[in-house]
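One structure is given here, and the rest of the page talks about it.
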Amino acid sequence: MRKKIVAGNWKMNLNLQEGVALATELKDALAAEKPNCDVIICTPFIHLAKVADVVAGTVVGLGAENCADKEKGAFTGEVSAAQVKSTGAQYVILGHSERRQYYGETAAILKEKVNLALANGLKVIFCIGEVLEEREAGKQNEIVGAQLADSLFDLTEEQLANVILAYEPVWAIGTGKTASSDQAEDMHAFIRGVIAGRFGEAAAENISILYGGSCKPSNARELFSKPDVDGGLIGGASLKCADFKGIIDAWK
Ligand code: PGA
């Protein structure tokens with residue numbers, strides 16, 4: 001059975017003290033009331049080592065929001081997968097649309113990042129999704145299919161077992177405009193079919209596919225009720241413990 005997951009993506013928010021406080025609040029809330037899904041928080045690099053100490057031995061998993069496409073060396077300002085792993089983090093988000101759009105991350109760069117992350121023992125939360133014009137042109141399947149093929153199709157089935165997918169329609173991210181649960185289900189079922197076509201039915205059945213884009217406590221239950229929606233990748237609503245917990249509780 002594939003995992004149900006709610007993952008937070010803090011993006012470039014919260015200073016170190018605020019991040020530690022939020023992680024502590026979340027850890028305490030989930031200790032008081034055990035979640036029915038896996039819970040992960042993905043934080044800026046600067047939070048990782050401290051938050052790793054806060055969540056060690058709890059149900060809360062920890063991830064980075066990015067890592068370098070190079071192994072090590074003279075790459076000023078970059079953070080490698082091995083460095084992320086050494087903080088105690090277990091996950092890394094790769095391919096987020098903000099990285100693709102604002103930092104020019106191509107499919108080839110992302111392929112390198114995925115390989116390095118997996119080689120260093122991190123699990124990858126790999127994001128895919130179309131922009132508004134692509135959806136309006138009816139090209140969303142073509143775009144998402146290519147994103148999967150171009151960065152993930154050279155993995156082995158064993159490597160794919162350490163990948164979580166996150167479908168995030170770019171037009172729904174931070175806009176308050178959520179995909180309908182039917183739009184999400186259509187795409188998630190398509191994605192699972194693409195994975196089945198390349199890696200086989202078992203791999204497709206086992207991979208978790210999260211929805212992301214203006215997911216909040218008020219719509220999470222409806223989205224998660226769909227058979228191919230295995231949870232959410234949450235931006236804005238992961239910055240307040242009560243909102244994030246409200247989404248986690250949608251699995252109850
Ligand atoms: P949002 O972001 O929940 O703020 O829309 C989701 C994401 O970008 O992962």
Side-chain angles (χ1 to χ4, degrees), residues 4-14 18-19 22-23 26 37-45 47-48 51 60-67 89 91-105 110 113-114 117 122-132 134-135 140 143-144 147-148 151 163-181 183-184 187-188 191 208-224 226 229-251:
K4 315 279 182 223
I5 300 168
V6 173
N9 172 12
W10 288 1
K11 307 194 179 181
M12 198 170 72
N13 295 295
L14 308 176
E18 290 164 343
L22 176 57
L26 178 68
C37 61
D38 283 12
V39 175
I40 303 164
I41 49 178
C42 298
T43 79
F45 294 127
H47 295 83
L48 289 174
V51 170
V60 182
L62 177 64
E65 300 171 12
N66 183 27
C67 71
Y91 299 87
V92 61
I93 297 174
L94 293 174
H96 193 280
S97 63
E98 288 151 16
R99 301 295 318 173
R100 293 178 192 261
Q101 277 193 310
Y102 306 147
Y103 299 96
E105 296 195 1
L110 292 171
K113 292 190 176 198
V114 169
L122 293 169
K123 293 188 198 308
V124 172
I125 302 174
F126 191 76
C127 303
I128 49 196
E130 80 286 358
V131 301
L132 185 60
E134 291 161 347
R135 175 156 287 259
Q140 64 271 23
I143 296 295
V144 168
Q147 289 171 337
L148 290 168
S151 297
V163 175
I164 297 161
L165 297 175
Y167 169 57
E168 300 203 305
V170 180
W171 45 272
I173 296 177
T175 57
K177 218 177 174 191
T178 319
S180 71
S181 58
Q183 282 174 321
M187 180 56 89
H188 284 224
I191 291 167
S208 298
I209 308 176
L210 315 183
Y211 167 80
S214 300
C215 185
K216 33 189 188 265
S218 59
N219 59 27
R221 197 174 292 272
E222 166 69 19
L223 286 159
F224 298 174
K226 296 295 179 183
V229 179
D230 304 312
L233 179 57
I234 317 300
S238 73
L239 295 172
K240 287 217 176 90
C241 184
D243 290 345
F244 194 53
K245 173 82 169 33
I247 295 171
I248 292 165
D249 289 345
W251 281 119

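Just so you know, residue 1 is the first one in the sequence shown, and it goes up from there. Predicted model only: the values in this text are computed from it and were never measured. Remember, it's 1-based here, ligands and their atoms both numbered in the order they're listed.
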What do you reckon, does G235 have a nitrogen or oxygen under 3.5 Å from a nitrogen or oxygen of ligand 1?
-> yes
Shortest non-hydrogen separation from T178 to A172 and the atoms involved = CA-CB, 4.3 Å
Do the side-chain N and O atoms of Q183 and Y167 include a donor-acceptor pair separated by under 3.5 angstrom?
-> no
Does C215, backbone or side chain, put an N or O under 3.5 Å from an N or O of ligand 1?
-> no
Select one of side chain, backbone, both or neither to describe which atoms of A172 lie under 4.0 Å from any atom of ligand 1, heavy atoms only.
-> backbone
For G174, is at least one N or O under 3.5 Å away from an N or O on ligand 1?
-> yes
Assign the ring pair F224 / W251 to parallel, tilted or perpendicular, where the plane angle (0 to 90°) is split at 30° and 60°.
-> parallel
Under 4.0 Å from any heavy atom of H96, which atoms of ligand 1 are there?
-> 7 (C), 8 (O), 9 (O)
Would you mind listing which atoms of ligand 1 come within a distance below 4.0 Å of any non-hydrogen atom of G236?
-> 1 (P), 3 (O), 4 (O)
When distances are taken from atom 2 (O) of ligand 1, the protein heavy atom at minimum range is K11 NZ, 3.3 Å
Any idea which atoms of ligand 1 are less than 4.0 Å away from a heavy-atom of S214?
-> 1 (P), 3 (O), 5 (O)
Give the atoms of ligand 1, by number and element, whose distance to some non-hydrogen atom of N9 is under 4.0 Å.
-> 9 (O)
Please round to the nearest 0.5 Å and tell me the distance separating atom CD1 of I247 and atom OG of S238.
-> 8.0 Å
Does the side chain of H96 pick up a donor-acceptor pair with the side chain of E168 at under 3.5 Å?
-> yes
Could you walk me through whether E98 and K11 pass the salt bridge (charged side-chain N to carboxylate O under 4.0 Å, His left out) check?
-> CA-CA 10 Å; E98 288 151 16; K11 307 194 179 181; 2.9 Å; yes
E105 and R100: salt bridge (charged side-chain N to carboxylate O under 4.0 Å, His left out), yes or no, with the steps?
-> CA-CA 4 Å; E105 296 195 1; R100 293 178 192 261; over 6 Å; no
heavy-atom search around atom 7 (C) of ligand 1 in the protein gives E168 OE2, 3.1 Å
